[in-house]
Amino acid sequence: MTEQQLLNAGYRKYSGEKIDVFYSKDLCEHVGNCVKGSIDVFNPKRKPWVLADAKSADEVARIIDTCPTKALQYVLKEETPVEITIEEKRVVATKDGEELGEMTFVNSNDKFYIIDHTGVYDAARGLGVGKKMVQAFVEHARTNNMKVLPLCPFAKAEFEKNHESYADVLHS
Ligand code: SF4
């Protein structure tokens, strides 16, 4: 979700230098993965309870990815946005012309796409590149009236995490 969508959905924003953290107390089930991940960043006994800069942006993003309810979300701040291009058989992420990762797919009889691989280069980890490629590809599938079968474990996990937003394109 974009920052505006998160705010519209009632999330509260905690700004950091390289990452903004968003929290919805309505979705939080107090499982505590965030606190276990880092008490420096997520401390319910402190105000504000989230300090987005208390760890590196990558580490904060990694911890937020363990939140099972999506009560915590993040938006990474980038100097130049990551660009996603959809080619005939792959989705490519680039920044300043440099390739950051790719996701490959096959078109099955013009009925559905099969995502068979998602790879992000080490230097680009923590920028949410994989997530962005899946997001862009879901949009692409929607526009082309196609379904998606996410065979690659990363894409499959993204579909599970975003079940509500991606259910309409999931091939069953
Ligand atoms: S990990 Fe998510 S659901 Fe669990 S306590 Fe933290 S914010 Fe709430």
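One-based numbering, in listed order, for ligands and for the atoms of each. Every value quoted in this text rests on a predicted model; they were computed, and no experiment measured them. The figures here come from the full heavy-atom set of this structure, side chains too, leaving out hydrogens, waters and symmetry mates.
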shortest atom 6 (Fe) of ligand 1-to-protein heavy-atom contact is with Cys34 SG, 2.3 Å
Review point. So does Asp122 pair up with Arg125, basic N to acidic O under 4.0 Å?
Key: yes
- Message: Between Ile115 and Tyr113, is there shared hydrophobic-cluster membership here, with clusters defined by ILVMFWY side-chain heavy atoms closer than 4.5 Å?
- Response: yes
For Glu29, the ligand 1 atoms with a heavy-atom partner under 4.0 Å come out as 3 (S), 8 (Fe)
side-chain contact (heavy atoms from CB on, under 4.5 Å) test vs Val75 passes for just one of Leu6, Thr2, Ile19, namely Leu6
Item checked: Donor-acceptor under 3.5 Å (Lys70 side chain, Asn162 main chain) -> no
Atom 5 (S) of ligand 1 has as its nearest protein heavy atom Gly32 N, 3.1 Å
Checking heavy atoms under 4.0 Å, the part of Thr69 that sits near ligand 1 is side chain
Note: ligand 1 atoms sitting under 4.0 Å from heavy atoms of Leu72 are 7 (S)
Quiz prompt | Check ion pair Glu139-Arg142 (N to O, under 4.0 angstrom) | solution = yes
If we number the atoms of ligand 1 from 1 as shown, the ones under 4.0 Å from a heavy atom of His30 are 5 (S), 8 (Fe)
Of all protein heavy atoms, the one nearest atom 8 (Fe) of ligand 1 is Cys28 SG, 2.4 Å
When distances are taken from atom 2 (Fe) of ligand 1, the protein heavy atom at minimum range is Cys67 SG, 2.3 Å
Counting N and O atoms only, with roles assigned by atom type, does the side chain of Thr118 sit under 3.5 Å from a partner on the main chain of Gly130, one being a donor and the other an acceptor? no
